[in-house]
Amino acid sequence: MGFVGGPTLAVVAREAGVSVPTASKVVNGRRDVAPETRRRVTEALDRLGYVRRRRAASAAFVDLVVPSLGGAGAAEVLRGVEGAAHAAGLEVVVSTGPARARGWRDRVMTRGTSGVLFLRSGLTPAQYAWLDRHDVPFVLVDPVLEPPRGMLSVVAAERQGAVGATEHLLGLGHERVAVIGGDRRSRCGAARVAGFRAALAAAGLRPRPEYVRYGDRMRVLLDLPQPPTAVLVCSESMTSGVCEALAERQVRVPEDVSVVCFGDVPSGPGLAPGLTTVRLPLAEMAATALRLVTGQETSGTQAVEVATRLVVRSSTAAGPAPGGPVRVARPAPGLGSGVRPD
């Protein structure tokens, strides 16, 4: 059962102090809700005067909406969703970036869905309202921006991942550690830089302002009077540019500068094949999201965090002696890369 007319399900969720998917479970008579939570939602429903409407039975499908099948991590997410869906006896319908298209909405309403997983989708208020109005359960997987209050999401533990990566560099003896952040507005970018700062603070260090950069700034760091001996790159898309800048200046990795990046970046021109990375658990995040949207798993928080893992490879090594210099050569035409392979 669902509702039409009057306040939306989001209003009910806010009134009861729960997420929209949890309120939807109560509305649809699902059993996987704590008694106290069910009581609060039921009282909110009565208080707000909802009128029930009929709804088709749950479909044997779950929808996965991705920006692009060739995008970073899409294959891992699909693997996680397929595994969890198979265990639940569900089929997966994959769509690429159509959440704002009327045709996609019509198809969902015609065939029904057990829930929708949105990968890195920045839904608009109108799209949230449509999902709410039609009682479509959904979970955001790795959202780009911080979701609105009451929207359930599954994210990587970005902050703790950055803490672990920075602690790894500090533990190797690096004192001049820099960070290159991604988009300042993004949820994960802000969390990663915050983790970097937290790890330095825990070690009794204060981040040098010139060592906190955003965007393609590796060359700026190398031009400093005291360049860093280690750098944490907080965006997969910037790792290639960082490695190219180091190769251009014939700065060896890890002998001259240690590098840690987020995400498993493939080898290629200008890329070190043995990068130490913070691995994002995309498959596990997707599987968790599917269990949440289908009611097999419950959460007491709006954002469910899944732990990252530091994978140490050959791009990090012991730092120089305290106060020691970093060799930073200027570009020289025709000279080969100084990025060390495995």
When you compare the side chains of Q127 and R105, does any donor N or O come within less than 3.5 Å of an acceptor on the partner? no
Which heavy atom of V92 sits nearest to which heavy atom of A85, and what is that distance? CG2-CB, 3.5 Å
Looking at every heavy atom in both G115 and V293, which two are closest together, and how far apart are they? CA-CG2, 3.7 Å
Using side-chain heavy atoms (C-beta onward) and a distance below 4.5 Å, is V155 in contact with V304? no
Between SG of C188 and CZ of R120, what distance do you get to the nearest 0.5 Å? 8.0 Å
Let me confirm one number: the CD-CG distance from E210 to L224, rounded to the nearest 0.5 Å. 6.0 Å
Taking atom types as modelled, find out whether T276 and T316 have a side-chain donor-acceptor pair closer than 3.5 angstrom. yes
Salt-bridge present (R40, E15; N to O < 4.0 Å): no
Can you label the angle between the F138 ring and the Y128 ring as parallel, tilted or perpendicular, going by 30° and 60°? tilted
Is it the case that the side chain of R208 and the backbone of R176 share a donor-acceptor pair, with hydrogens and angles ignored and the cut-off at 3.5 Å? no
Do F262 and R279 come close enough that some side-chain heavy atom pair is under 4.5 Å? no
Against T166, only a single residue in V163, L170, L169 fulfils side-chain contact (heavy atoms from CB on, under 4.5 Å); can you say which? L170
Donor-acceptor check, side chain of R159 to backbone of G195, threshold 3.5 angstrom: yes or no? no
Quick one: are Y214 and D183 in side-chain contact, heavy atoms under 4.5 Å? no
Smallest heavy-atom separation, R291 atom then E297 atom, equals NE-OE1, 2.8 Å
Looking at S121 and L119, would you say the former's side chain and the latter's main chain have a donor-acceptor pair under 3.5 Å? yes
Compare every heavy atom of V306 with every heavy atom of E284, then report the nearest pair and how far apart it is. CD-CG1, 3.4 Å
L123 vs W130 side-chain heavy atoms within contact, under 4.5 Å: no
Inspect the contact between E236 and R192 and indicate whether a charged nitrogen and a carboxylate oxygen are less than 4.0 angstrom apart. yes
Would you say that L64 contacts F118 through its side chain, given a criterion of any heavy-atom pair below 4.5 Å between the two side chains? no
Does any non-hydrogen side-chain atom of V81 lie less than 4.5 Å from one of V94? no
From CE (M238) to SG (C243), nearest 0.5 Å: 12.0 Å
